[in-house]
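Remember, it's 1-based here, ligands and their atoms both numbered in the order they're listed.
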Amino acid sequence: MKFFADTADVDAIRDLNDLGLLDGVTTNPSLIKKSGRNILEVTKEICEIVDGPVSAEVTAIEADQMIAEGRKLAEIAGNIAVKVPLTLDGLKACKVLSGEGNMVNVTLCFSANQALLAAKAGATFISPFIGRLDDINMDGMELISEIRTIYDNYGYETQILAASIRTVNHIKDAALIGADVITAPPAVIKAMANHPLTDKGLDAFLADIKSGGISIL
Ligand code: E4P
């Protein structure tokens, strides 16, 4: 499973990348706004840190404009994935941009039928939003499962990028279902390493290291 950081915070991205845990980055207009940076500048900086796909989202809602913006974003670096919304215009832009050899991430997916359309439009990634479905008392993980089944039924190569991840259990459940990628806030990815028994066990070992005078170097 690939791990993408869902952030435009370059310090957090560098930190995760240094840990060796990062396969890519996703951004969106809200994350760019939060960074307080110019979209082209911050995206370029992120692309220089991370080798894997970096999703940068278009701002237009009409296909021709999305295509023009997508081409401009793709010029930033070879690892840009142009992010388009799951609308008919977005699907049209996806078809054109992916046909030109660009990676395309179709975002704001909330149904299996939407995901089927994105695969037919040649999307590299489909981004179903788990947390936002859970927020309205729907089952985000059920959507991941449905998309997995449909893509496997027909051999679609579009990668399922489980998005709007809020908890470590979202990541575990997406992995059990077979999502190809998760994108999550860096803090959630790092929290996967936490376990109270690890802390307790390490404390006991450290005490024995000290009282036993154990040293290696
Ligand atoms: C995905 O690409 C989106 O940027 C993101 O996962 C949305 O998450 P949110 O619902 O927490 O805003």
Side-chain angles (χ1 to χ4, degrees), residues 1-10 12-13 16 21-37 39 42-43 46-47 49-50 52-61 66 69-70 73-74 76 79-87 90-91 93-94 97-98 102-111 114-115 117-119 121 123-144 147 158-175 177 179-192:
M1 169 174 263
K2 289 178 228 168
F3 285 5
F4 290 0
D6 197 27
T7 183
D9 179 336
V10 289
I13 291 167
L16 263 189
L21 292 176
L22 205 55
D23 301 301
V25 170
T26 54
T27 64
N28 64 36
S30 305
L31 294 169
I32 295 291
K33 179 183 166 190
K34 194 172 166 193
S35 78
R37 307 264 315 266
I39 181 172
V42 73
T43 304
I46 294 168
C47 287
I49 299 169
V50 182
V54 173
S55 290
E57 189 159 341
V58 299
T59 63
I61 55 169
M66 284 189 208
E69 288 185 352
L73 290 169
I76 294 174
N79 54 337
I80 285 286
V82 179
K83 207 170 176 188
V84 299
L86 211 156
T87 58
L91 292 170
C94 174
L97 290 166
S98 62
N102 300 295
M103 289 187 284
V104 180
N105 177 357
V106 179
T107 190
L108 291 168
C109 171
F110 294 95
S111 80
Q114 289 181 316
L117 291 175
T124 315
F125 303 103
I126 181 67
S127 291
F129 277 36
I130 296 170
R132 292 193 197 186
L133 281 168
D134 290 355
D135 287 345
I136 59 163
N137 291 322
M138 293 184 73
D139 188 345
M141 213 50 70
E142 176 64 22
L143 174 59
I144 303 294
I147 299 171
T158 299
Q159 296 178 53
I160 301 173
L161 197 176
S164 188
I165 295 261
R166 306 275 169 78
T167 68
V168 292
N169 282 336
H170 276 158
I171 298 176
K172 180 188 72 175
D173 292 340
I177 291 167
D180 301 285
V181 192
I182 58 92
T183 188
V188 175
I189 294 175
K190 289 170 83 172
M192 293 170 72

| said: I want to know if ligand 1 touches S164 in the polar sense, i.e. an N/O pair below 3.5 angstrom. | reply: yes
| task | For R37, enumerate each residue passing the side chain to side chain donor-acceptor pair (under 3.5 Å) test, keeping only those at least two apart in sequence or located in another chain. | result | E45
| field | R132 and L108, any side-chain heavy atoms less than 4.5 Å apart | value | yes
| Does the N or O separation between T27 and ligand 1 drop below 3.5 Å for any pair? | no
| query | Identify the closest protein heavy atom to atom 4 (O) of ligand 1: which residue and atom is it, and at what distance? | reply | N28 ND2, 2.7 Å
| query | Do the non-hydrogen side-chain atoms of L143 and L133 ever get within less than 4.5 Å of each other? | reply | yes
| query | Taking only heavy atoms of R132, which atoms of ligand 1 are found under 4.0 Å from at least one of them? | reply | 7 (C), 9 (P), 10 (O), 12 (O)
| task | Enumerate the atoms of ligand 1 whose separation from the nearest heavy atom of F129 is less than 4.0 angstrom. | result | 1 (C), 3 (C), 7 (C)
| request: Please state whether E57 comes within less than 4.0 angstrom of ligand 1, counting heavy atoms only. | output: no
| What atoms of ligand 1 come closer than 4.0 angstrom to any heavy atom of K83? | 1 (C), 2 (O), 3 (C), 4 (O)
| Do ligand 1 and R166 have nitrogen or oxygen atoms that lie under 3.5 Å from each other? | yes
| said: Just to verify, what does D139 make a side chain to side chain donor-acceptor pair (under 3.5 Å) with, not counting sequence neighbours? | reply: none
| Rounded to the nearest 0.5 Å, how far apart are CD of E69 and CD1 of I39? | 8.0 Å
| task | Give a yes or no on whether a salt bridge exists between R166 and D135, defined as a side-chain N under 4.0 angstrom from a carboxylate O. | result | yes
| Any idea which atoms of ligand 1 are less than 4.0 Å away from a heavy-atom of A163? | 1 (C), 6 (O)
| M138 CE: over 12 foreign heavy atoms closer than 6.0 Å | no
| message | Within ligand 1, which atoms have a heavy atom of D6 less than 4.0 Å away? | response | 1 (C), 2 (O), 3 (C), 4 (O), 5 (C), 6 (O), 7 (C), 8 (O)
